[in-house]
2 protein chains.
Amino acid sequence: MERYSKQRELILDVLKSRKDHPTADMLYKEIAQKMPGIGIATVYRNLASLYKSGKIEKIETMQGDPDRFDGDLRPHIHLQCSKCNEIYDIFLDEEENKQLNDKLAELTKLINADFTSSKIVLKGICKNCKNKN
Amino acid sequence: MERYSKQRELILDVLKSRKDHPTADMLYKEIAQKMPGIGIATVYRNLASLYKSGKIEKIETMQGDPDRFDGDLRPHIHLQCSKCNEIYDIFLDEEENKQLNDKLAELTKLINADFTSSKIVLKGICKNCKNKN
DNA sequence: CCTTAAATGATAACCGTTATCATTATTTCA
DNA sequence: TGAAATAATGATAACGGTTATCATTTAAGG
């Protein structure tokens with residue numbers, strides 16, 4: 001089974017300390033300063049295992065673009081701005097979260113499947129880009 | 001501006017004739033039988049331009065996995081089965097479509113952004129896999 | 001026709017990610 | 001507490017889907 005490692009602990013700590021949605025490589029650059037010699041493969045491996053065990057979130061955006069990671073597990077969805085590509089959090093309160101999941105579960109029933117989760121990425125124009133040009 | 005090509009026309013026809021969600025390579029294999037000599041790059045290029053011009057849909061699933069394409073433009077979302085990885089359509093009637101988009105637009109307002117579209121992929125267990133083992 | 005430039009086909013390159021493998025570190029239990 | 005067992009690491013090669021490059025072909029318009 002899984003064994004403790006300083007590397008995994010640090011990767012999780014660094015991700016949780018950030019408020020943005022870094023790529024594996026962005027994390028690697030920050031982590032490598034605190035633990036020189038760590039390999040990029042270790043970062044990828046541990047991000048995958050942390051995601052698998054539900055300790056972090058993974059955001060798959062546009063094809064080709066690298067995955068982004070999120071250490072914040074509070075219920076929220078993401079919006080990616082079509083202009084600047086920045087990813088924003090939209091946090092949901094209990095009520096909103098229930099409403100959305102109920103609706104998605106309802107739609108899932110239409111094909112006699114069992115709903116387990118969803119990947120939602122909204123596209124739009126963010127606050128900042130709206131006010132430019 | 002864009003110029004007509006037999007290749008693009010065939011690519012669109014083949015995609016529209018299918019009821020599944022083929023990858024670029026799956027389409028290439030079928031197309032190459034009807035037009036021997038066509039290049040794989042042409043398939044990728046035209047799928048990209050057809051998507052850009054709104055004539056087809058693109059479904060980005062799990063990272064690493066190839067993109068899938070959809071010639072059906074009726075409002076619908078996708079569910080990917082966690083067991084068999086198959087992608088299913090969930091067609092929405094006008095009412096359901098409006099309800100869902102209204103809710104997403106409402107959430108978008110929470111961060112003062114303008115909603116334009118969404119990428120939703122539901123995860124769950126499909127009808128077939130539920131009844132197995 | 002003839003010219004212009006978009007589209008094609010072949011293939012090299014790209015890049016995020018994963019596999020491989022020898023080495024190191026953690027856990028277990030004698 | 002000190003081997004033995006084996007998971008994790010670091011370095012790097014390999015992978016695979018997709019895109020870039022470039023010479024050639026082809027569509028469109030006068």
Side-chain angles (χ1 to χ4, degrees), chain A residues 1-15 20-53 55-70 80 85 87 119 121, chain B residues 1-15 20-53 55-70 80 85 87 119 121:
Chain A
M1 70 288 139
E2 191 166 273
R3 209 172 265 191
Y4 169 83
S5 86
K6 294 188 212 324
Q7 286 87 344
R8 187 181 311 115
E9 183 179 43
L10 178 59
I11 290 165
L12 181 58
D13 284 351
V14 167
L15 179 55
D20 58 347
H21 305 86
T23 63
D25 196 63
M26 290 160 76
L27 286 169
Y28 171 68
K29 287 196 170 63
E30 178 173 349
I31 291 163
Q33 297 194 336
K34 308 188 179 183
M35 187 184 278
I38 191 172
I40 183 82
T42 300
V43 174
Y44 275 101
R45 261 191 306 248
N46 280 300
L47 286 171
S49 83
L50 288 166
Y51 174 61
K52 204 171 173 190
S53 64
K55 296 200 183 69
I56 65 173
E57 259 315 312
K58 186 168 68 173
I59 312 164
E60 292 154 15
T61 58
M62 298 171 298
Q63 54 85 344
D65 284 4
D67 287 341
R68 291 171 176 275
F69 295 89
D70 193 342
Q80 185 166 35
N85 270 11
I87 294 176
K119 286 278 176 195
V121 179
Chain B
M1 70 292 136
E2 190 165 89
R3 208 172 264 190
Y4 169 83
S5 86
K6 294 189 213 319
Q7 287 86 344
R8 188 181 310 113
E9 184 179 43
L10 179 58
I11 290 165
L12 182 57
D13 285 352
V14 167
L15 179 55
D20 58 347
H21 306 86
T23 62
D25 195 63
M26 289 161 76
L27 286 167
Y28 171 68
K29 287 197 168 65
E30 178 172 351
I31 290 161
Q33 297 194 336
K34 308 187 177 181
M35 187 184 277
I38 191 172
I40 183 81
T42 300
V43 175
Y44 275 103
R45 261 190 306 250
N46 279 301
L47 287 171
S49 84
L50 288 166
Y51 173 62
K52 203 171 174 187
S53 64
K55 296 198 183 70
I56 65 172
E57 258 316 312
K58 186 168 68 170
I59 313 163
E60 292 154 15
T61 57
M62 298 170 299
Q63 53 86 341
D65 284 5
D67 286 342
R68 290 169 176 276
F69 296 89
D70 192 342
Q80 185 166 35
N85 269 13
I87 293 176
K119 288 277 177 197
V121 179

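Just so it is clear, the values below take in all heavy atoms, side chains as well, and ignore hydrogens, waters and symmetry mates. Quick note on labels: first sequence line is chain A, next is B, and so on, each numbered from 1.
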Send over the distance from [X] [atom1] to [N] [atom2], rounded to a whole Å.
{"X": "A:Leu50", "N": "D:dA8", "atom1": "CG", "atom2": "P", "value": "11 Å"}
{"X": "A:Arg8", "N": "D:dG10", "atom1": "CZ", "atom2": "P", "value": "12 Å"}
{"X": "A:Leu27", "N": "C:dG16", "atom1": "CG", "atom2": "P", "value": "14 Å"}
{"X": "B:Tyr28", "N": "D:dT18", "atom1": "OH", "atom2": "C1'", "value": "15 Å"}
{"X": "B:Glu9", "N": "C:dT8", "atom1": "CD", "atom2": "C1'", "value": "16 Å"}
{"X": "A:Met26", "N": "C:dT17", "atom1": "CE", "atom2": "P", "value": "13 Å"}
{"X": "A:Asp65", "N": "C:dG16", "atom1": "CG", "atom2": "C1'", "value": "10 Å"}
{"X": "B:Leu47", "N": "D:dG17", "atom1": "CG", "atom2": "C1'", "value": "13 Å"}

Euclidean distance, [Y] [atom2] relative to [X] [atom1], rounded to 0.5 Å:
{"X": "A:Ser49", "Y": "A:Ile56", "atom1": "OG", "atom2": "CD1", "value": "8.0 Å"}
{"X": "B:Leu47", "Y": "B:Arg45", "atom1": "CG", "atom2": "CZ", "value": "11.5 Å"}
{"X": "B:Leu27", "Y": "B:Leu12", "atom1": "CG", "atom2": "CG", "value": "10.5 Å"}
{"X": "A:Arg8", "Y": "A:Lys55", "atom1": "CZ", "atom2": "NZ", "value": "7.5 Å"}

- Hey, does B:Gln7 have a side-chain heavy atom less than 4.5 Å from the side chain of B:Leu10? no
Could you tell me if the side chain of B:Tyr51 sits less than 4.5 Å from the side chain of B:Glu57, heavy atoms only? yes
On a heavy-atom basis, the closest approach of A:Gln80 and A:Asn85 is NE2-O, 3.0 Å
Closest non-hydrogen contact found for B:Arg68 with B:His21 is NH1-O, 2.8 Å
So side chain to side chain donor-acceptor pair (under 3.5 Å) across residues 28-41 of chain B, not counting sequence neighbours, yields B:Arg18-B:Glu30, B:Asp25-B:Lys29
Within residues 35-46 of chain B, the residues having a heavy atom closer than 4.0 Å to DNA chain D are B:Ala41, B:Tyr44, B:Arg45
Counting only side-chain N and O atoms of A:Gln7, is one of them less than 4.0 Å from OP1 or OP2 of D:dG10?
-> yes
Per-nt protein contacts along nucleotides 24-30 of chain C (heavy atom under 4.0 Å; B base, S backbone sugar-phosphate only, - none) come out as -BBS---
